[in-house]
Amino acid sequence: MRVPPMGWLAWERYRCDIDCDHDPKNCISENLFMEMADRLSEDGWRELGYVYVNIDDCWSSMKRDDNGRLQADPKRFPGGIHKLARYMHDRGLKLGIYGDMGTHTCGGYPGTTLDKIELDAQTFADWEVDMFKFDGCYSNATEQEQGYPLMSKALNATGRPIAYSCSWPAYQGGLPPKVNYTQLGEICNLWRNYGDIQDSWDSVLNIINWFFDNQDVLVSAAGPGKWNDPDMLIAGDFGLSMEQSRSQMAIWAIMAAPLFMSNDLCTINSGARSILQNKIAIGINQDPMGIQGRRILKEKSGIDVYWRPLSKNASALVFFSRRNDMPYRYQTTLSKLNYTTGSYQIYDAFTEKTMTLKDSTSFVVSVNPTGVVMWYVSAPAKRNIRQFYRGGRLQGSLFDDDENAISPVFL
Ligand code: GLA
């Protein structure tokens, strides 16, 4: 899990309504998960990296089998989970499943108490599952302290590579001293730090605020193999405008967040699809250096600036507006955003425009209410030193450009 995982997760959009009879006309396959797998593999998602199809709560029978093993609800999953895993693998996809450290899952299904950890890990490995989300309802802090590391060991002991998603920090307030991010990085591949996302802009904004207000703790916790998880992408659902969907995608990319969509890929509109399939945003999210970005400015005007260092000396910038009046013209320079002297190539993720900007050039970005402007910024071009020397003498300073005297570039 050297880069953040990408895929689809049932919970936000479907909750326990995972047997497809919510809208049979959209369900051609045997179940919702196969249906989403068909879409991921046929509609260009898989090639972009969206390969996980993850089951959440409410998948199991209310009772364990005679051997004490968890079993799938035979009505929702005829053929069981193993059949579903094979369906994913046949299409170059992966399957994720859900369990709970405690007596019951949050939805009231059988949980995994301490004595069941090894058995359940082995069951998931036998089913050829590729990711496991371990929720934390119905257990106390002491049990969690034992259970989460024990499950990590048990999963490793199966010999099957299974990505391990821990909800532990979310149940302990997400912050030190209750949460030990060094330990989490050693035992989990990703972890939920905070509350559940819902289908609204309020919810997305609340999550953004929490993650960046606590960035000094969180940024250093993340890296290749270990990711903070601010929860699912909800573009394509009902609660976000196109601007807000872009904002979530851009800021999740800055955060190096796992990208799990929770939406209906059969009926998703082309606007939401193109945001979720944006190659520059995905490229930024999946940067191999795996450094989580930061909020570098929170302006009184309601504009936030986010920055993430990327490999090849590149970086990403996001200008985000908290305003609700009209597009805001934000004026700045790259040097004000801590860029060193030089000339930078800019790729705008959503307009797909390219331009060159010197560090000292004043520019204006127009940021829509609750929207973003997102840039991939290439490494500064090396200057041709020779042009500054004539007859062995330096002709003025390298950087005495006069663009501050002229009107700003409008981008
Ligand atoms: C908790 C988790 C959610 C989801 C539900 C399922 O609330 O945080 O992501 O898994 O349980 O019941």
Q: Any chance you could lay out the side chain to side chain contact (heavy atoms under 4.5 Å, CB included) test for Q144 and Q172, step after step, and finish with the verdict?
A: CA-CA 10 Å; Q144 291 173 7; Q172 297 302 328; 2.9 Å; yes
Q) Can the ring centres of Y98 and W11 be said to be less than 6.0 Å apart? A)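 No: the rings miss the under 6.0 Å criterion.
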Q) Is the ring centre of F260 less than 6.0 Å from the ring centre of Y50? A)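 For F260 and Y50, the ring centres are not under 6.0 Å apart.
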Check whether any side-chain heavy atom of [X] lies under 4.5 Å from a side-chain heavy atom of [Y], and answer yes or no.
| X | Y | value |
| --- | --- | --- |
| T333 | T361 | no |
| R246 | M242 | yes |
| Y87 | D38 | yes |
| L40 | R91 | no |
| I303 | V365 | no |
| F132 | N54 | no |
| D216 | R294 | yes |
| S321 | Y330 | no |

Q. Which residues satisfy the salt bridge (Lys or Arg N to Asp or Glu O under 4.0 Å) test with D348, sequence neighbours excluded?
A.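 So D348 forms no salt bridge (Lys or Arg N to Asp or Glu O under 4.0 Å) with any residue.
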Please find the pair of heavy atoms, one from [X] and one from [Y], that lie closest to each other, and give the distance.
| X | Y | answer |
| --- | --- | --- |
| V377 | Y344 | CG1-CD2, 3.7 Å |
| I187 | S152 | O-OG, 3.1 Å |
| P230 | M255 | CG-CE, 3.8 Å |
| P169 | Y181 | CB-OH, 4.1 Å |

Mark yes or no for whether [X], through its side chain, and [Y], through its backbone, hold a donor-acceptor pair below 3.5 Å.
| X | Y | answer |
| --- | --- | --- |
| D287 | M289 | yes |
| E128 | R86 | no |
| N263 | A235 | yes |
| D359 | G342 | yes |
| D100 | C137 | yes |
| N31 | M34 | yes |
| S262 | E12 | yes |
| R192 | Y171 | no |
| S139 | M101 | yes |
| W45 | L265 | no |

Q | side chain to side chain donor-acceptor pair (under 3.5 Å) assessment of S60 paired with Q71 | A | CA-CA 6 Å; S60 78; Q71 52 184 346; over 6 Å; no
For [X], I'd like to know if atom [atom1] has over 12 heavy atoms of other residues, nucleotides or ligands within 6.0 Å.
| X | atom1 | value |
| --- | --- | --- |
| N313 | CG | no |
| M326 | CE | no |
| K94 | NZ | no |
| D66 | CG | no |
| K298 | NZ | yes |
| Q198 | CD | yes |

Under 3.5 Å, is there a donor-acceptor pair between the [X] and [Y] side chains?
| X | Y | value |
| --- | --- | --- |
| Q122 | T158 | no |
| R322 | N209 | yes |
| D115 | T113 | yes |
| Q345 | T354 | no |

Relative to each other, are the rings of [X] and [Y] parallel, tilted or perpendicular (30° and 60° limits)?
| X | Y | result |
| --- | --- | --- |
| F134 | Y164 | tilted |
| Y376 | Y347 | tilted |
| Y194 | W210 | parallel |
| F124 | W59 | perpendicular |
| Y148 | W168 | parallel |

Q. In this structure, which one of W375, Y306, Y328 forms a ring pair (Phe, Tyr, Trp, His ring centres under 6.0 Å) with F319?
A. W375
Q: Go through D73 and K75 one step at a time and tell me if the salt bridge (charged side-chain N to carboxylate O under 4.0 Å, His left out) criterion holds.
A: CA-CA 5 Å; D73 178 339; K75 234 187 72 214; 5.9 Å; no
Q. Would L175 and N214 satisfy side chain to side chain contact (heavy atoms under 4.5 Å, CB included), going step by step from the backbone distance to the final call?
A. CA-CA 8 Å; L175 296 173; N214 293 300; 3.7 Å; yes
How many angstroms lie between atom [atom1] of [X] and atom [atom2] of [Y], to the nearest 0.5 angstrom?
| X | Y | atom1 | atom2 | result |
| --- | --- | --- | --- | --- |
| W201 | I234 | CH2 | CD1 | 9.0 Å |
| T123 | H82 | OG1 | NE2 | 12.5 Å |
| L150 | I117 | CG | CD1 | 4.5 Å |
| S165 | D229 | OG | CG | 6.0 Å |
| S220 | L218 | OG | CG | 8.0 Å |
| D231 | F211 | CG | CZ | 8.5 Å |

Q. How far apart are the C-alpha atoms of D264 and R39, what are their side-chain angles, what is the distance that settles it, and do they pass the salt bridge (charged side-chain N to carboxylate O under 4.0 Å, His left out) test?
A. CA-CA 10 Å; D264 182 351; R39 301 279 53 82; over 6 Å; no
Q | Salt bridge flag under 4.0 Å for residues D126 and R160 | A |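 Salt bridge between D126 and R160, a charged N being under 4.0 Å from a carboxylate O: no.
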Q.
What verdict does the side chain to side chain contact (heavy atoms under 4.5 Å, CB included) test give for I55 and R76, after you've listed the backbone C-alpha separation in whole Å, the side-chain angles of each residue and the deciding distance to 0.1 Å?
A. CA-CA 12 Å; I55 303 170; R76 284 173 172 165; over 6 Å; no
Q.
Quick one, E243 with N368, criterion side chain to side chain donor-acceptor pair (under 3.5 Å). Give me CA distance, side-chain angles, the key distance, then yes/no.
A. CA-CA 7 Å; E243 292 299 328; N368 295 339; 2.9 Å; yes
Q) Please walk me through it: do M374 and I284 pass side chain to side chain contact (heavy atoms under 4.5 Å, CB included)? A) CA-CA 10 Å; M374 180 180 218; I284 291 168; 3.8 Å; yes
